Amino acid sequence: GENVEQHPSTLSVQEGDSAVIKCTYSDSASNYFPWYKQELGKRPQLIIDIRSNVGEKKDQRIAVTLNKTAKHFSLHITETQPEDSAVYFCAAAGGSYIPTFGRGTSLIVHP
Amino acid sequence: ETGVTQTPRHLVMGMTNKKSLKCEQHLGHNAMYWYKQSAKKPLELMFVYNFKEQTENNSVPSRFSPECPNSSHLFLHLHTLQPEDSALYLCASSQDGPRDREGDTQYFGPGTRLTVL
């Protein structure tokens, strides 16, 4: 089955800095890579996703990059703001429609 | 109401109680999921239903019993739980999923915060 590793587990940055969260996956059949944000006490919500036919996708201050050869993908947040503080989960799916989630990264943005 | 809803939002139960969690999705999806989320632990997949058929049981103890009467509703029946079962239980849905299909976005409910005394 699929195995997804996510790093770091905790990331602390100053407001305005960039943040990068990295994930690796094991199943070469995976072709869909979503990222979810879970604020404290709330449900996980999709913030951006990428399919294997593209290498990068951007949406305002967030971007995701995918390297299929190396089997890794990353979330990039620029100009971080305190409201970006949350737990971020990566996931991989496609070998099975059921996604495999990473362990999560707790992002703390200090004002 | 739109999206994925869950009731109750909070539940406190004793170890000998029987209770049920309910999930309803208004998105026309065909796949529904139960996850357990404990403090400082990753999302743990428990059960998956696709077109009302259970397609995944991730080695979950029998004190958790799922039920999916139709594509819009999913229940989790709880019986003789243990304190370590205290967690946030999240329901999710996605469009559909034959096993050879590409993955789809999952839409999560708000969760039920369960405390077992």
Side-chain angles (χ1 to χ4, degrees), chain A residues 1-10 21 23-25 27-54 57 59 64 66 68 73 86-106 108, chain B residues 1-7 9-10 23-25 27 29-51 53-59 87-113:
Chain A
E2 176 66 276
N3 182 48
V4 176
E5 299 285 340
Q6 182 172 348
H7 298 281
S9 57
T10 305
I21 302 170
C23 289
T24 61
Y25 63 99
D27 188 348
S28 57
S30 288
N31 52 27
Y32 176 60
F33 307 93
W35 286 89
Y36 293 85
K37 175 184 180 182
Q38 186 176 25
E39 297 177 58
L40 189 63
K42 296 191 175 180
R43 73 188 80 188
Q45 290 193 293
L46 180 78
I47 55 170
I48 195 168
D49 57 10
I50 192 168
R51 294 196 183 269
S52 58
N53 56 346
V54 297
K57 185 176 178 180
D59 183 2
V64 56
L66 171 65
K68 284 194 66 180
F73 57 111
V87 178
Y88 292 80
F89 294 95
C90 66
S96 160
Y97 71 92
I98 302 169
T100 299
F101 284 87
R103 296 181 67 86
T105 295
S106 178
I108 304 165
Chain B
E1 200 170 350
T2 59
V4 182
T5 59
Q6 288 185 245
T7 55
R9 296 293 308 277
H10 299 271
C23 175
E24 184 173 0
Q25 58 95 0
L27 300 168
H29 290 167
N30 293 306
M32 296 188 77
Y33 311 74
W34 279 117
Y35 289 91
K36 176 183 178 183
Q37 187 175 39
S38 305
K40 299 186 178 180
K41 285 189 177 181
L43 286 166
E44 298 176 57
L45 180 66
M46 300 176 72
F47 301 104
V48 182
Y49 278 81
N50 190 22
F51 292 95
E53 299 296 320
Q54 188 180 126
T55 59
E56 194 88 8
N57 177 337
N58 206 22
S59 302
L88 180 68
Y89 288 85
L90 290 162
C91 173
S93 70
S94 66
Q95 180 60 47
D96 57 46
R99 285 217 172 251
D100 57 351
R101 194 182 185 278
E102 291 186 353
D104 267 322
T105 303
Q106 294 210 320
Y107 293 83
F108 286 87
T112 295
R113 174 68 63 186

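Below, chain A is the first sequence line, B the second, and so on; all start at residue 1. Nothing here was measured: the structure is a model prediction, and the numbers come from that model.
For a heavy-atom cut-off of 4.5 Å, chain B lies close to Arg43(A), Pro44(A), Leu46(A), Asp49(A) in residues 39-49 of chain A.
Tyr35(B) touches chain A through its side chain: at least one heavy atom from C-beta onward sits under 4.5 Å away, while N, CA, C and O do not. Residue Gln106(B) touches chain A through both its backbone and its side chain, counting heavy-atom pairs closer than 4.5 Å. Of the two parts of Phe89(A), only the side chain, counted from C-beta on, holds a non-hydrogen atom closer than 4.5 Å to a non-hydrogen atom of chain B.
Options Ser106(A), Pro99(A), Ala29(A), Gly102(A) differ in how many heavy-atom pairs under 4.5 Å they form with chain B, and the most are formed by Pro99(A).
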